[in-house]
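Remember, it's a predicted structure, so these values are computed and weren't measured experimentally. Chain letters run A, B, ... following the sequence lines, proteins first and then strands; every chain starts at 1.
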Amino acid sequence: MNFTTEQIIALAPDASSAKSGRALADAAKWTMLGRSSGGRAVWGACAGSGREPYRTEIDTDEPAFRCTCPSRKFPCKHALGLLLLLAARDSLFKETTAPAHVAEWLAKRDEQAQRKKAAAIKVDVRAAVDDEAALAKREASRSKRVAGRHAKVAAGLAELELWLRDLVRQGLARAQGEPARYWEQMAARMIDAQAPSVARRLREMSGLPHSGEGWTDLLTSRLGTLYLLVEGFKRIETLDAGAQADIRTAIGWTQREEELLNGDGLSDDWCVLGQRITEEEGGLRVQRTWLRGLGSARSAVVLDFSHQGRAFSVNFLSGSSVAAELVFYPSNYPLRAALKQRTGAPRPLHEIKGYATCERMLDAYAEALARNPLLETFPAPLEAVVAVGRDAAGWFVADAQGRMLPLSPQFAQAWKLVALGGGRPFNIFGEWDGRQLLPLAALAEGRYATL
Amino acid sequence: MKTWPDILACAVVGTERQSLAVAPDDELHVLLAQTDEADREGRLLRAAALAALYRRAGFLPLSETHARGEVCEPDDVPRCGAVAGGHLSLMLEGEFKEVLPEWLRATRRAGLRVPEEHLPSLLDKGESTSALRALIVAVAGRRGRWLAAQNPAWHYARERSQGEVWETGARDERLLFIEGLRAREPERARELIISTWSEESSKERVAFLEKLAEGLSGADEAFLSEAASADRSVEVRRAAREMLARLPESQFCRRVEASAGRLLAFKKPMLGRARIDVAMPEDFAAWLTEQGLEIELPKRDGEAAQTLGPKGWGLREVVGLTPVAYWRAKWNRTAPEIIRAAQESEWAEALTRGFARAARRDGTPDWIEAIIRQGLERKDTRPDVKQAWTGFAPSLPVERLETLIEELLKADAQGLRDGQPALWLLVEHRREWSERFSRAVVGSIRKRIRLSVAGEASDWHLKSVLKQFARYASPLVGDEAASDWPTDAGGWPQWENTVGSFVALLRFRRAMLDAIFEGEQKT
């Protein structure tokens with residue numbers, strides 16, 4: 001499929017890579033450009049500061065990149081430049097036989113994909129064939145690890161409970177006067193207790209007392225939810241499997257992806273509705289990719305993590321749909337998923353299917369909360385809304401029934417929504433948290449736009 | 001959720017001081033009442049947990065109370081393609097932003113408009129940079145105008161009646177409007193200017209007078225004469241005189257020509273050079289008044305009289321207001337001959353400046369070129385002297401200017417460099433360069449670099465204006481400009497970055513123009 005400049009720039013690990021990439025999207029900088037018949041792979045050579053030009057190749061199916069330059073960033077500026085050049089000057093890439101190294105790379109990728117599949121099957125097979133003693137031994141060490149972590153978390157949460165009780169005893173007014181250390185120390189304690197997501201929640205709460213009007217409302221709600229988590233963990237053994245998984249997820253204790261991918265997934269045409277990147281402690285970046293299955297109407301979110309400037313390892317393109325198999329993490333309201341395999345090339349989206357009215361979305365949200373009270377963000381694709389501005393009250397989206405949902409104040413592109421819609425209803429996709437909608441993408445007049 | 005305010009109050013103050021009382025008719029009363037009354041903290045936290053969940057699940061959206069605005073009619077003008085849109089986005093973020101005006105003009109020429117997603121940032125740009133407004137409005141399309149009407153900051157771009165623009169628009173908008181109107185209905189434009197004349201500032205009055213240049217006719221004479229003699233501002237009177245000087249049939253012009261004719265005489269002696277003699281009256285000021293010319297001479301020690309002295313200043317004014325065609329006709333001499341003869345006069349400076357001003361106003365290429373060549377001959381590098389003639393480059397037709405510069409470049413084997421007249425003229429050439437000329441200039445710069453020496457710090461001026469050249473050089477030369485630089489020359493390291501920026505801007509312009517004119521018309 002054709003990538004737009006926007007989508008390509010979104011793949012860049014940071015702004016300076018994007019800028020360098022753009023500088024390299026210039027035919028004069030490349031030689032030996034070519035593409036495979038059918039257009040799956042493109043390649044070229046780019047003069048760099050070394051003696052030999054760097055050789056760059058791209059498998060447009062994922063997309064995946066390879067380059068001989070020494071950059072640690074991924075995709076490097078050469079890969080970005082080559083892809084941008086492809087988007088702007090398609091005719092420069094003539095179909096020819098792939099040079100040896102490109103053909104080799106593609107073959108290796110296909111082989112790796114096959115091997116992954118085979119390995120997955122192998123593990124199942126092996127598990128069945130292994131003798132009882134080996135199995136029992138593995139089980140025992142696993143139980144020990146789990147019990148160990150459980151104890152650590154329990155101790156940490158017990159401390160957290162005392163801290164919460166202290167907080168409400170003294171009152172939020174007092175807490176507002178506490179220094180950042182007050183929150184950070186407890187957050188650090190949670191990290192030690194192997195409960196990183198609890199640490200994150202605490203950090204987010206630490207900013208609330210100084211966030212302006214309505215902070216007591218927000219903080220009290222968050223404290224309540226945290227207490228729910230603490231109480232839930234105390235009773236975790238009495239809960240069903242889904243709830244147990246949700247509590248562990250809320251703590252930050254999730255199943256390993258490799259283990260998960262052994263299970264069966266859901267195959268569908270998945271629409272990539274929107275993406276958001278957030279920065280966390282220690283230079284960690286998290287990319288949330290929201291998907292919705294065309295056939296199943298199921299929603300999913302795939303999380304990718306990147307450390308120190310490396311790009312995210314799986315590249316979904318916003319505004320495309322792709323046939324793939326996703327495996328869901330256990331939950332009473334399964335949302336998080338991992339990609340098991342892709343079975344087709346991405347195709348552009350021309351509409352977003354979702355909830356016809358705000359009320360339908362809110363109903364679905366209430367149902368989701370009923371199943372998983374610890375759910376934080378809910379995917380909200382809305383089929384027919386217009387952007388409406390109310391001066392001091394801020395911006396909203398309004399549906400065909402005239403109901404309005406407030407847009408998050410951190411969303412700065414409300415005018416873009418107005419421009420795209422032209423007064424007529426359009427599709428929108430955003431994250432709903434129970435109070436506000438954070439728009440991530442819009443689709444108007446058949447054109448998809450990230451926000 | 002009735003108890004929520006109480007929960008909040010209790011949380012803020014602290015359970016130490018206040019205990020939570022749950023209203024008996026609260027929906028969650030049953031659940032909340034399950035905790036031990038003595039455990040105040042637990043009770044409050046539990047209530048907060050339940051209430052938070054309840055409120056999130058039970059969120060009630062507001063209902064729309066205002067009527068929605070009008071829907072925008074579909075645009076008949078197609079959008080520019082995605083790649084072109086990408087270039088626009090880049091420029092609005094700050095990269096290559098100096099060529100944004102060129103992008104806007106090209107998009108308009110191609111008959112395209114800006115895609116919807118870029119309209120807000122483009123309109124914002126127009127709000128902060130009023131010089132871009134006319135260009136932005138031209139490519140905003142129907143959607144852009146519809147959008148602009150909804151945000152007061154963007155009102156400059158919405159559909160407006162002419163009266164509205166004239167009465168409430170910003171300075172640039174009104175000037176643009178008058179310019180357009182003057183081209184279509186010159187009489188009406190003048191009447192409109194007259195209607196608000198007394199309320200305008202002197203700066204505005206000068207600007208509007210200049211706009212009368214288009215479509216100037218005898219019908220404007222009365223108004224201009226009035227302004228020339230009676231306006232309270234010196235600059236306005238001067239500007240009005242300048243306009244009158246463009247009407248050879250006007251009373252004013254006749255008086256000026258008559259006076260000038262009495263002052264100057266062309267003398268060609270048998271032996272020696274031709275010169276222009278000036279019969280300067282003792283009391284010049286009085287003489288001017290006698291001639292019916294209301295030109296006030298500056299004070300002897302005032303700023304305006306500095307280089308020329310009050311009489312010289314006055315002479316320059318008179319000569320400057322005389323159409324150059326008058327001298328051609330009177331003396332039957334060519335422009336170069338007259339200019340050269342002026343140099344031999346005791347009033348050389350005043351005469352030259354006067355002729356120069358008249359030539360620029362009249363737009364006669366021969367005179368302008370003669371003045372430039374005269375400047376070249378003098379080889380005087382003092383900045384104000386230099387500026388006096390290099391500043392004429394923009395008035396010379398492009399082909400003649402380029403021919404002149406190329407002549408200078410060919411004559412010098414060392415290539416374009418600092419301190420050369422060719423460079424001064426090139427800096428003033430701020431219109432699109434022809435392809436051939438661009439190639440010649442690039443070749444000359446390459447020549448210079450080839451001869452450069454390692455570690456030598458030179459050509460600061462050339463290096464600093466190279467980026468500017470990239471705005472005007474022909475983008476068609478971009479491909480060849482990307483390579484064949486003398487990278488093994490000694491001084492190449494000092495040039496590498498500057499050349500890099502030059503090539504980058506030039507190729508960006510090429511890519512941008514290609515995307516607009518050849519790119520997909522629809523997305």
Considering only heavy atoms, which portion of A511(B) lies under 4.5 Å from any heavy atom of chain A: side chain, backbone, both, or neither? neither
Please check if the side chain of R55(B) supplies one atom and the backbone of G434(A) the other of a donor-acceptor pair under 3.5 Å. no
What part of L374(A) gets closer than 4.5 Å to chain B, counting heavy atoms only: side chain, backbone, both or neither? neither
When you look at NZ of K234(A), are more than 12 heavy atoms from neighbouring residues, nucleotides or ligands closer to it than 6.0 Å? yes
Check the pair R40(B) / R169(A) against side-chain contact (heavy atoms from CB on, under 4.5 Å), numbers first and verdict last. CA-CA 8 Å; R40(B) 286 185 178 192; R169(A) 188 177 309 124; over 6 Å; no
Which atoms of V230(A) are under 4.5 Å from chain B, going by heavy atoms: the side chain, the backbone, both sets, or neither? neither
Q401(A) versus chain B, heavy atoms under 4.5 Å apart: side chain, backbone, both or neither? neither
Please look at P120(B) and chain A and tell me whether the side chain, the backbone, both or neither of the residue comes under 4.5 angstrom of a heavy atom of that chain. side chain
Relative to chain B, which segment of A88(A) carries a heavy atom at a distance below 4.5 Å: side chain, backbone, both, or neither? both
Does any heavy atom of chain A fall under 4.5 Å from the side chain of H66(B), the backbone, both, or neither of them? both
What part of R222(A) lies closer than 4.5 angstrom to a heavy atom of chain B: side chain, backbone, both or neither? neither
Quick one: which of L45(B), L44(B), V12(B), I7(B) gives a side-chain contact (heavy atoms from CB on, under 4.5 Å) with T220(A)? I7(B)
Here the gap from F59(B) atom CZ to D433(A) atom CG, rounded to the nearest 0.5 Å, amounts to 9.5 Å
Contacting moiety of V388(A), where chain B heavy atoms sit under 4.5 Å: side chain
Please enumerate all residues that pass salt bridge (charged side-chain N to carboxylate O under 4.0 Å, His left out) together with K467(B), with sequence neighbours excluded. E98(B)
Among Q170(A), K29(A), R165(A), which residue forms the greatest number of heavy-atom pairs with chain B at distances under 4.5 Å? R165(A)
Whatever's closer than 4.5 Å to a heavy atom in chain A on R46(B) counts as both
Applying a strict 4.5 Å limit to non-hydrogen atoms, the region of D399(A) in contact with chain B is backbone
Answer yes or no: does atom CZ of R89(A) have more than 12 heavy-atom neighbours from other residues, nucleotides or ligands under 6.0 Å? no
Are E116(B) and R447(A) within salt-bridge range, i.e. N to O under 4.0 Å? yes
Would one find more than 12 heavy atoms of other residues, nucleotides or ligands at under 6.0 Å from atom CZ of R142(B)? yes
Contact class of L60(B) relative to chain A, heavy atoms under 4.5 angstrom: neither
Go through it in stages, so that I can follow the logic: the residues are W415(A) and L119(B), the test is side-chain contact (heavy atoms from CB on, under 4.5 Å), and I'd like the CA-CA distance, side-chain angles, deciding distance and then a yes or no. CA-CA 9 Å; W415(A) 281 112; L119(B) 285 170; over 6 Å; no
Here the gap from E117(B) atom CD to Y448(A) atom OH, rounded to the nearest 0.5 Å, amounts to 12.5 Å
Please walk me through it: do L62(B) and R403(A) pass side-chain contact (heavy atoms from CB on, under 4.5 Å)? CA-CA 6 Å; L62(B) 294 175; R403(A) 302 277 196 293; over 6 Å; no
Are M404(A) and S63(B) packed together at the side-chain level, in the sense that at least one heavy-atom pair is separated by less than 4.5 angstrom? no
Taking the side chain as C-beta and beyond, is there a heavy-atom pair between P74(B) and R424(A) under 4.5 Å? yes
Among residues 143-157 of chain B, those lying within the under-4.5 Å heavy-atom range of chain A are R143(B), W146(B), L147(B), Q150(B), N151(B), W154(B)
Report which part of E93(B) has an atom under 4.5 Å of a heavy atom belonging to chain A: side chain, backbone, both, or neither. side chain
Point-to-point distance, once rounded to the nearest 0.5 Å, from CG of L162(A) to CD of E41(B): 10.5 Å
